[in-house]
Trainee: 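Below: one structure in structure tokens.
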Amino acid sequence: MGDVVNLNQFRKKRNRKTAEDTARNNRASFGRSAAQKKQDMNQQKKRDALLDKKKLSNKDEEEAPSEN
């Protein structure tokens, strides 16, 4: 006959393992120093500014008379 398994203990153990894995991933993703966060924020600001410079303005389209 097979061993008796308490399913509640099995579920709790499985849930603890998944919680530990999630916590480990979150620590790797979000556990950064203030200097790293500041550096990332500055890089994002530079990328946003560069993108804003390359945007086409809608003013040209509005000023042009329609040909209809």
Trainee: Return the CG to NZ distance between L7 and K12, rounded to the nearest 0.5 Å.
Mentor: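 Between atom CG of L7 and atom NZ of K12 there are 12.5 Å.
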Trainee: Do any side-chain atoms of residues 34-44 form donor-acceptor pairs under 3.5 angstrom with protein atoms, and if so which ones, sequence neighbours left out?
Mentor:
residue	atom	partner	partner atom	Å
Q36	OE1	S33	N	3.0
D40	OD2	R32	NH1	2.2
N42	ND2	K38	O	3.4
Q44	OE1	R47	NH2	2.7
Q44	NE2	D48	OD1	3.1

Trainee: Check side-chain contact (heavy atoms from CB on, under 4.5 Å) between N26 and all other residues, then give those that pass, not counting sequence neighbours.
Mentor: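 Checked N26 against side-chain contact (heavy atoms from CB on, under 4.5 Å); matches are T22, F30.
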Trainee: Show me the donor-acceptor pairs within less than 3.5 Å that the side chains of residues 14-21 make with the rest of the protein, sequence neighbours left out.
Mentor:
residue	atom	partner	partner atom	Å
N15	ND2	R11	O	3.3
T18	OG1	R14	O	3.4
T18	OG1	N15	O	2.9
D21	OD1	R24	NH1	3.0

